[in-house]
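Notes to accompany the following structure.
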Amino acid sequence: MKRSCAPVIVLLLSCLFSACRKTQVQPESGSSIVVGFSQIGAESAWRVCNTRSVQEAAAEAGIQLFYYNAEQKQENQIKAIRSFIAYQVDVIAFVPIVLDGWENVLEEARDAGIPVLLCDREINLDDESLYSGYLGTDMVRQGRSAAEYLIKKFAGDETGRPAADTAGPVRIIELRGTTGSSPEISRAEGFREVIDKFPEFEIIYSASGDFLRSKGYELMRNILDETRDFDVIFSHNDSMTLGAIDAMKERGIRPGTDIIIVTTDAEQAAIEALRAGEVNCVVECNPRQGPDIVRLAARLARGETIPPVTYMDETVFTEWDDLSGLPPRGY
Ligand code: GZL
């Protein structure tokens, strides 16, 4: 696309981007395709790996990447997308922090003729044509996988009914991700799809820890001030799980033994906790989306179509697996 870089726009944008120097990685020089990448923030090891994956893949492909860290604020993401439009990037790639509130800015991108690639998280739109495709993970399946592990763990027989010695309710505490985000909603949905078939399994408490370790700690500390009568923690990400484990250990509770823990992401610390018996199941959510994001963005920049949905490959690690051959996770 020919960019009519009116000097005043370029000046304004360079001020904006230089003003964000602390969060702005300067674009790679000498590349043909320009991609504006609006990232949520750096709330977890998963997110940091996700960002690094995109930056490395863009550099490798010689793509000029404008990276903007929204520091957990939707309004910052919207501002960044508007600046990408003003600069007339070839493609906008963004990770929507929450499902709603994107219509206006995506209509502006469409009116500017700039294709939009959704990355990692999904959005709610009446007009699905406002973006060209989605690359990420199947978060409903992640929730189902977490529940399926629990059914096996407590199964007394092939129906998944809890074993005789665990007769009575299996009481579950759910640590949810950022309220209104697609992982928070989809993981909860997939988990309940399975758990609700077994009346012995009961979610007795569910609250958002915003994917943050500090909030996972606070939630668990407050829960333990109220009760110790629960059997399972299902956590939407490892950061919150690690915070919850800190709080449990402070009270002499043995994570993975006294309380069964299922967590999501599969960062290194969670795998180490699985190896140590402090976690019982780790559902992988693959952050290494950079190469596919760059591949799909390049196709859009060339005016090609892309698949509406592209899912990353992922797996589930449990206490029953041999983890000795597992390479370092890198996040
Ligand atoms: C899921 C991703 C989530 C991770 C968290 O695809 O959006 O956001 O599970 C991260 O660790 O904060």
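Predicted model only: the values in this text are computed from it and were never measured. Numbers here simply count residues along the sequence, with the first being 1. Indexing begins at 1, ligand by ligand and atom by atom, following the structure's order.
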Note to self: Side chains of Asn237 and Thr264: any donor to acceptor distance under 3.5 Å?
What the structure shows: no
Next item on the list: Select one of side chain, backbone, both or neither to describe which atoms of Arg187 lie under 4.0 Å from any atom of ligand 1, heavy atoms only.
Entry: side chain
Item checked: Proximal atoms of ligand 1 relative to Met139 (non-hydrogen, under 4.0 Å) -> 6 (O)
Notebook entry, point to check: Run the ring pair (Phe, Tyr, Trp, His ring centres under 6.0 Å) check on Tyr68 and Phe37 step by step: do they pass?
Noted result: CA-CA 6 Å; Tyr68 186 84; Phe37 178 47; over 10 Å; no
Item checked: Top protein contact for atom 6 (O) of ligand 1, by heavy-atom distance -> Asp120 OD1, 2.3 Å
Check: Can Glu250 and Tyr217 be counted as having a side-chain donor-acceptor contact under 3.5 angstrom?
Finding: yes
Item checked: For atom 11 (O) of ligand 1, closest protein heavy-atom neighbour -> Asp265 OD2, 2.6 Å
Next item on the list: May I ask you to say whether Arg254 pairs ionically with Glu278, meaning some side-chain N is under 4.0 Å from a carboxylate O?
Entry: no
Next item on the list: Give the numbers and elements of all ligand 1 atoms closer than 4.0 Å to a heavy atom of Glu43.
Entry: 8 (O), 10 (C), 12 (O)
Check: Is there a heavy atom in Cys285 that sits closer than 4.0 Å to ligand 1?
Finding: yes
Notebook entry, point to check: At what distance is the nearest protein heavy atom to atom 3 (C) of ligand 1, and which residue and atom is it?
Noted result: Arg121 NH2, 3.7 Å
Next item on the list: Tell me yes or no: between the side chains of Gln142 and Glu284, is some donor less than 3.5 Å from an acceptor?
Entry: no
Item checked: Note: Glu193-Arg144 ion pair, threshold 4.0 Å (strictly below) -> yes
